[in-house]
Amino acid sequence: MLKINFPGQLVFGNGVLKQLEEDLVQMQCKGVIVMTISPLEEQLAPFVQTLRNHAVQVIVDTSIVQEPTFADFRQIMARFQSADVDTVIGIGGGSVLDVAKLVAAQLGNTQTLEEIVGNGLLKERGKRLICMPATSGTGSEVSPNAILVDDEGQKKGIISPFLVPDMVYADPLLTLSLPASITAATGLDALTHCLEAYTNKFSQPFIDMYAFEGMRLIAANLEEAVNNGHNEEARSRVALGSILGGFCLGPVNTAGVHALSYPLGSSFHLPHGLSNALLLPYVMEYNYSASPKKYAEVAIALGCKREGTDEETAQAGITKIKELIKACGIPARLRELDIPRGAIRQMAADAMKITRLLVNNPREITLTDAISIFNAAY
């Protein structure tokens with residue numbers, strides 16, 4: 001069975017921040033929470049002022065500065081619990097968007113945070129939700145997922161159709177000022193979403209269309225977006241690829257790369273996209289023998305020529321991924337980030353807890369396999 005929850009409206013293009021401004025005024029919004037990041041405040045100042053000029057009460061929050069925790073979310077909810085708003089807008093990277101989605105769901109909701117952790121447990125959302133990505137990576141703006149780090153330091157997923165925004169405005173111009181390192185890490189995260197959906201044990205032909213085109217767009221344009229950040233065409237194509245990757249996350253979701261990357265974020269506070277990039281080629285090397293035809297098609301999407309066999313073509317795709325990671329300036333090995341080899345067994349054990357993603361992997365990953373993959377990546 002295939003079930004997809006798309007946003008009610010998607011507006012994509014350079015300068016659509018202005019369109020969002022006009023639409024909010026037309027919808028006669030009364031009160032708005034804008035969750036964003038400090039570096040965007042100056043760029044968003046005219047937008048906020050226009051809303052206030054039209055008698056819209058605007059609360060701006062920039063408190064999310066890293067991957068959000070349960071404690072962060074509780075503090076935000078305590079601050080906003082009595083706010084008189086009808087709309088929550090997230091403008092930023094995946095962490096900001098995830099929290100904005102949860103704020104919109106939890107304002108006025110009687111369910112506790114602990115009660116909604118998991119798949120399909122959130123039962124309602126009473127506020128209008130609008131998301132605008134400022135990075136090209138997580139796909140959170142179109143997905144039903146939100147990720148928080150719990151009180152024990154483990155990443156927890158909250159998945160619900162109520163977390164799919166009502167409206168999405170994707171403006172590639174917001175990504176022009178992103179540093180090369182963030183552009184690279186988030187772009188490789190988006191590529192991983194597409195790749196893991198395409199090779200997923202539960203892949204779907206309808207989602208494969210998005211995943212294949214997302215891989216093609218990102219692989220062909222990410223290096224240019226990293227090295228020439230003001231190339232609007234490259235930025236736009238990577239941004240579109242990221243959205244296509246986001247569409248994959250609800251119906252199919254990710255697999256082994258993401259499961260193994262979670263401990264790198266929770267234990268060593270590596271950015272999510274960087275964690276995925278570090279592990280992607282090594283999980284591909286582990287997986288491709290279980291699904292050589294699919295991995296050969298991945299290689300074609302990445303721009304490789306078809307070789308004599310699917311296995312050879314798949315291997316060319318793995319080489320291509322390694323070359324792209326290097327070209328984007330991303331570290332290739334765990335040791336380059338001072339992660340101790342002695343931490344591998346515990347990271348592998350923590351990864352085994354992410355069963356909701358491991359079950360999607362085309363080849364079963366046991367604890368021993370996870371240790372081997374981490375060692376290969378070391």
Side-chain angles (χ1 to χ4, degrees), residues 33-41 44 59-81 83 85 88-107 109 111-119 121-122 125 127 129-160 162-165 178 182 185-186 189-190 193 242 246 249 253-254 258-259 261-276 350 353-354 356-357:
I33 295 172
V34 177
M35 305 210 64
T36 188
I37 54 175
S38 295
L40 286 176
E41 279 192 284
L44 295 177
I59 303 170
V60 178
D61 181 276
T62 58
S63 62
I64 298 299
V65 296
Q66 58 187 9
E67 292 192 359
T69 65
F70 277 25
D72 295 332
F73 183 70
R74 291 189 191 104
Q75 289 177 358
I76 288 169
M77 287 303 299
R79 198 178 313 138
F80 293 151
Q81 199 62 60
V85 298
V88 178
I89 305 173
I91 305 178
S95 294
V96 167
L97 299 186
D98 282 3
V99 172
K101 289 157 67 169
L102 291 171
V103 168
Q106 288 300 87
L107 283 174
N109 188 0
Q111 292 179 278
T112 66
L113 175 59
E114 288 75 13
E115 287 172 344
I116 66 172
V117 171
N119 194 340
L121 300 178
L122 173 65
R125 169 165 56 79
K127 305 298 181 183
L129 173 61
I130 300 173
C131 283
M132 183 173 233
T135 63
S136 298
T138 69
S140 177
E141 67 274 8
V142 296
S143 87
N145 304 350
I147 306 294
L148 295 178
V149 178
D150 71 11
D151 296 330
E152 283 72 51
Q154 300 297 319
K155 288 191 177 185
K156 293 297 170 96
I158 300 163
I159 302 122
S160 168
F162 293 106
L163 294 183
V164 178
L178 278 180
I182 296 178
T186 55
D189 185 23
H193 293 156
S242 174
L249 294 179
N253 217 336
T254 55
H258 274 71
S261 79
Y262 275 15
L264 289 173
S266 55
S267 298
F268 298 99
H269 308 294
L270 296 189
H272 175 65
L274 173 59
S275 300
N276 283 330
D350 288 342
K353 300 173 185 175
I354 318 297
R356 68 181 179 87
L357 300 183

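Quick note: residue numbers are just sequence positions, from 1.
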Those residues that, when tested against [X], pass side chain to side chain donor-acceptor pair (under 3.5 Å) (two or more places apart):
{"X": "Gln111", "value": "Asn109"}
{"X": "Thr186", "value": "none"}
{"X": "Arg74", "value": "Glu114, Asp151"}
{"X": "Asp61", "value": "Ser63, Arg79"}

Considering residues at least two apart in sequence or located in another chain, which fulfil the side-chain contact (heavy atoms from CB on, under 4.5 Å) criterion with [X]?
{"X": "Leu121", "result": "none"}
{"X": "Thr254", "result": "His193, Glu196, Leu249, His258, Leu357"}
{"X": "Gln154", "result": "Asp150, Lys156, Asp350, Lys353"}
{"X": "Phe162", "result": "Leu122, Arg125, Ser160"}

If you measure from [atom1] on [X] to [atom2] on [Y], what distance do you get to the nearest 0.5 Å?
{"X": "Leu148", "Y": "Ser95", "atom1": "CG", "atom2": "OG", "answer": "9.0 Å"}
{"X": "Ile147", "Y": "Ser140", "atom1": "CD1", "atom2": "OG", "answer": "9.0 Å"}
{"X": "Ile91", "Y": "Leu44", "atom1": "CD1", "atom2": "CG", "answer": "4.5 Å"}
{"X": "Leu113", "Y": "Met77", "atom1": "CG", "atom2": "CE", "answer": "9.5 Å"}
{"X": "Asp189", "Y": "His272", "atom1": "CG", "atom2": "NE2", "answer": "4.0 Å"}
{"X": "Ile89", "Y": "Ile59", "atom1": "CD1", "atom2": "CD1", "answer": "11.5 Å"}

Please give me the minimum heavy-atom distance between [X] and [Y], naming the atom from each residue.
{"X": "Gly90", "Y": "Leu97", "answer": "O-CD2, 3.2 Å"}
{"X": "Ala104", "Y": "Leu129", "answer": "CB-CD1, 3.9 Å"}
{"X": "Ser136", "Y": "Ser242", "answer": "C-OG, 3.5 Å"}
{"X": "Val103", "Y": "Met35", "answer": "CG2-SD, 3.9 Å"}
{"X": "Asn276", "Y": "Ser261", "answer": "OD1-OG, 3.0 Å"}
{"X": "Leu163", "Y": "Ala146", "answer": "CD1-CB, 3.9 Å"}

Answer whether the closest heavy-atom distance between the side chains of [X] and [Y] falls below 4.5 Å.
{"X": "Asn145", "Y": "Thr138", "result": "no"}
{"X": "Met132", "Y": "Ile130", "result": "no"}
{"X": "Ser143", "Y": "Lys101", "result": "yes"}
{"X": "Val88", "Y": "Leu107", "result": "yes"}
{"X": "Asn253", "Y": "Arg356", "result": "yes"}
{"X": "Leu102", "Y": "Ile116", "result": "yes"}
{"X": "Ile37", "Y": "Thr62", "result": "no"}

Would you please test Asp98 and Ile158 for side-chain contact (heavy atoms from CB on, under 4.5 Å) and show each step?
-> CA-CA 9 Å; Asp98 282 3; Ile158 300 163; over 6 Å; no
Could you list the donor-acceptor pairs under 3.5 angstrom formed by side chains in residues 263-270, with sequence neighbours left out?
| unit_1 | atom_1 | unit_2 | atom_2 | d |
| --- | --- | --- | --- | --- |
| Ser266 | OG | Tyr262 | O | 3.2 |
| Ser267 | OG | Pro263 | O | 3.3 |

So Lys127 and Ile33, side-chain contact (heavy atoms from CB on, under 4.5 Å) or not? Walk me through it.
-> CA-CA 10 Å; Lys127 305 298 181 183; Ile33 295 172; over 6 Å; no
Under the side-chain contact (heavy atoms from CB on, under 4.5 Å) criterion, do Asp72 and Val99 qualify, and how do the steps go?
-> CA-CA 9 Å; Asp72 295 332; Val99 172; over 6 Å; no
